[in-house]
Number of protein chains: 2
Amino acid sequence: MDSYDLKIITFLKRDARMKWSTLAQHIGLSAPAVAERVARLQEQGIIRQLTTVLDPSSFDYRLAAFVAVSLERPEHRAPFLKRIQELEYVLECHHVAGDDDYLLKIRCRDTEQLDEIITYHIKELAGILRTKTTIIMRTEKESLHFPLPEVD
Amino acid sequence: MDSYDLKIITFLKRDARMKWSTLAQHIGLSAPAVAERVARLQEQGIIRQLTTVLDPSSFDYRLAAFVAVSLERPEHRAPFLKRIQELEYVLECHHVAGDDDYLLKIRCRDTEQLDEIITYHIKELAGILRTKTTIIMRTEKESLHFPLPEVD
DNA sequence: CCTGAAAAATACCCCCA
DNA sequence: TGGGGGTATTTTTCAGG
């Protein structure tokens, strides 16, 4: 990955549909070269996906929450993680250090739906010691993009 | 927003660069109609952005952490939020209910850099009562995409 | 990685329901 | 108002160097 790749990525972060030809002009390569590099970056997994970020409130997702989960014993892990992958409302699941084992980020319609998800889809599993729910009242910043090395 | 829009969004989530013509074929509209709808969805803010998701480890981001922050008094909020917007390593900032005031998600190189960010860029501010750092050891799931209503 | 030609997709027009 | 169709133009793709 060289500085051309970095420049390409920088532009594609802002607009994933930018035309190869205009992108090529900006960075000083030909369009085929740019297309080839992007294909390679995708194959290498450096670019995970070119995707669409939607506005949650437009789809009636008005609630977000973090839910900390503690498991009783290690053997409860596998079924828990399987369930987490199935639950579409659970957007993130991180194994964390500290008092609790996992920290989930959940997005759903309202508190009633959150209650349903936690009570009937998570706590219902064997080996859930406890859950600790933290409601998000306002999201002040939500970025996908960590800083990239500067080029030029 | 009708079922055509939902179908369009569903495809664009998977591939933001999908050609209007192929997308149009899939959902049963003409290419110009699809292009027009996507432009409208962007104007309305339903589509926030067409962007690129990168692999953090490819860019030497090996550490992620949640940092809970408590502020002394409400007047410390504005400068805190301003600083948060400036700090590129802070990807998310949520105002939460409960013991702490804000929950940040930070992505950086290693623990030393995390220490530097917390100590010299966050704790350094006036009115920071305390911070509580939770290291993410493994991310089991990390999705941008909440479930959309089914169509057809 | 570039050039150049073939193929494809897009944008813009007007027409229609 | 919102979608279809046709055509000029742009863009992408693919070959060869």
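Throughout, protein chains are lettered first and strands after them, A, B, ... in sequence-line order, and every chain is numbered starting at 1. Excluded from the calculations below are hydrogen atoms, water molecules and symmetry mates; all remaining heavy atoms, backbone and side chain alike, are included.
Figure legend: cation-pi geometry between B/R17 and A/W20, with NZ or CZ positioned under 6.0 Å from the six-membered ring centre and within 45° of its axis.
Closest to the side chain of B/L29, out of D/dT12, C/dT10, D/dG3, is D/dG3. Comparing C/dC2, D/dG3, D/dT13 against the side chain of A/P32 picks out D/dT13 as the nearest.
Atom CG in A/L23 sits about 16 Å away from atom C1' in D/dT10, given to the nearest Å. Atom CH2 of B/W20 and atom C1' of D/dG4 are 18 Å apart (whole Å). Computed from coordinates, the A/M18 CE to D/dT12 P distance equals 11 Å when rounded to whole Å.
Of the side-chain N and O atoms in B/R37, none sit less than 4.0 angstrom from OP1 or OP2 of D/dG2. Side-chain N/O atoms of A/S21 include none lying less than 4.0 angstrom from OP1 or OP2 on D/dT10.
Ring planes of A/F66 and B/F66: perpendicular class, angle over 60° (limits at 30 and 60°).
For the pair A/Y89 and A/H121, the minimum side-chain heavy-atom distance is 4.5 Å or more.
With the nearest nucleotide of DNA chain C identified for both A/E36 and A/R17, A/E36 has the one nearer the 5' end. In this structure, B/Y4 and B/K19 both approach DNA chain D, and ranking their closest nucleotides by distance from the 5' end singles out B/Y4.
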Between B/E36 and B/R40, is the salt bridge (charged side-chain N to carboxylate O under 4.0 Å, His left out) condition met? List the steps.
CA-CA 6 Å; B/E36 199 183 332; B/R40 179 176 51 72; over 6 Å; no
